[in-house]
Amino acid sequence: MTPDEFRAAGHELIDWIADRRTEVATRRVLPDVQPGDVAARFPNTPPTETASAAEVLGELEELIATGITEVQHPMHFGWFPSNASLSSILGDIASSGLGSLGISWESSPALTEVEEVVVDWMRQLCGLSDNWHGVIQDTASTACLVAMLAARERATDHAQTRGGLRNLPSALCVYTTAEAHSSVRKGALLAGFGADDIRVIDVDPWTRDMLPAHLAEVMQADVTAGHQPAIVVASAGSTGVTAFDPISEIAAIASIHDAWIHVDAAMAGSAMVLPEMRSRFEGIEEADSISWNPHKWFGTILDCSLMYLRDPQHLIRVMSTNPSYLQSTAAGDATQYRDWGVPLGRRFRALKLWYQLRIDGIASIQDRLRRDLENAQWIADEFAALDDWELVAPVRLQTVCIRHNPNDSLSGADLDAHTLRWVRELNSSGRAFLSPSQLDDQWMVRISVGAESTERSHLERLVVLIRGVAEA
Ligand SMILES: Cc1ncc(COP(=O)(O)O)c(C=O)c1O
């Protein structure tokens with residue numbers, strides 16, 4: 001493809017993207033496809049003939065775009081917001097268009113330095129002190145794995161430089177709660193911690209926040225038994241019910257045992273840009289690492305997960321390889337982000353945040369987040385006021401967890417069957433999407449408010465739709 005052909009095809013593609021976004025609300029939220037349907041639209045051998053860009057765009061529209069769940073839809077209330085602001089998409093396109101290679105400072109000085117600048121702007125916007133040094137990881141799962149590896153090496157005085165995990169004198173323990181995201185357990189296992197050494201700390205039965213007294217007890221028992229506490233992962237806004245573990249109290253306990261503290265604020269971290277919400281994150285300065293995803297509620301197109309570390313030199317010692325072919329004269333003065341995580345090559349992800357901050361501006365993002373907080377509270381109040389409906393968890397931010405029980409007549413498997421019936425009926429209608437989730441082994445339904453295009457009128461409509469299927 002020549003640059004001129006690219007220019008023409010690119011204009012068409014941008015027009016198509018803009019049109020889709022304008023019309024998003026007219027489409028189904030959940031696509032009308034079954035497993036295998038999308039793949040069956042394609043030949044099972046590689047194409048042997050080429051196509052024009054216009055033909056490919058036609059196929060994109062017909063074969064592919066009809067098979068996506070429209071998470072940019074204003075009636076998308078599933079999982080968590082996965083906003084892809086158009087400004088950040090421009091940054092993503094710019095990143096691809098520059099085609100630069102991030103394997104060292106020298107391979108693209110601007111890629112490294114713009115990332116440093118932008119993550120520091122984001123630090124300031126979150127009200128974090130300048131003790132923190134940031135990097136963009138692909139996802140919060142990766143950030144958690146990186147924190148686990150750093151914690152493992154700190155707890156063992158860099159055992160990797162000796163026999164690794166072989167012959168360690170004591171078991172290394174991980175502390176978290178059942179509310180923590182599945183990536184925490186996955187990260188622990190991948191980092192070499194044993195399943196037997198992952199401690200699930202009790203939570204408050206209503207808020208689901210970690211109970212620090214139980215953490216203290218379990219850590220002490222481990223030490224008495226000759227084990228070594230290595231890392232506590234605190235959720236600041238859990239996936240299920242937005243639990244906020246008390247970071248200050250956790251830090252006071254963890255520091256007695258010199259355990260690493262990682263704060264997983266993947267979804268809720270966006271709220272740190274609202275000064276009035278920062279009390280939810282009290283104690284965060286005492287952590288060793290923090291991660292949160294602008295690629296969720298904040299609105300930066302996937303993938304963009306911010307990770308902040310108090311002591312990046314420790315991480316660099318864990319991750320650094322420095323092969324000769326990557327050494328350069330700038331080595332001593334420049335940040336080498338390859339030493340801050342697992343991959344060598346990195347994309348110019350900072351451009352997505354840079355575009356979004358420069359074009360949308362933080363004030364409009366803050367206004368949108370505040371709108372979503374008010375909308376979540378509004379819909380929570382609506383359901384709380386209705387007979388037969390209950391809120392099964394407090395509304396800490398933008399997620400509202402509800403359950404319907406007609407005349408309080410259902411329990412156990414019958415209540416589950418009722419909940420799953422109505423939510424599946426609503427989802428399969430294509431008119432709205434909600435994700436059910438289990439709490440104490442009983443299904444409930446999460447209304448995760450925060451799609452960029454969701455206004456109060458959409459929530460009003462959602463109440464009608466939900467009541468229509470559940471109360472029928
Ligand atoms: C609290 C929490 N942590 C971690 C994750 C994983 O995020 P990612 O997809 O960026 O790995 C999620 C995803 O929803 C989450 O809600």
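First listed ligand is number 1; within each ligand, the first listed atom is number 1. These numbers were taken from a predicted model, which means no experiment stands behind them. Along the sequence shown, the residues carry numbers beginning at 1.
Ring centroid separation for the pair His458 and His76 does not come in under the 6.0 Å cut-off. Here the two rings, on Phe433 and Trp79, have centers that are under 6.0 Å apart.
Ring geometry for His404 versus Trp389: interplanar angle of 30 to 60°, hence tilted.
Pocket lining of ligand 1, defined as residues with a non-hydrogen atom under 4.0 Å away: Phe80, Thr139, Ala140, Ser141, His181, Ser183, Gly237, Thr239, Asp264, Ala266, Asn293, His295, Lys296.
Between Arg317 and Glu153 there is no salt bridge, since none of the side-chain N atoms of the basic residue sits less than 4.0 Å from a carboxylate O of the acidic one. One finds a salt bridge joining Arg371 and Glu455 here, because a Lys/Arg side-chain nitrogen approaches an Asp/Glu carboxylate oxygen to under 4.0 Å.
By the 4.5 Å heavy-atom criterion applied to side chains, Arg431 and His73 are not counted as neighbours.
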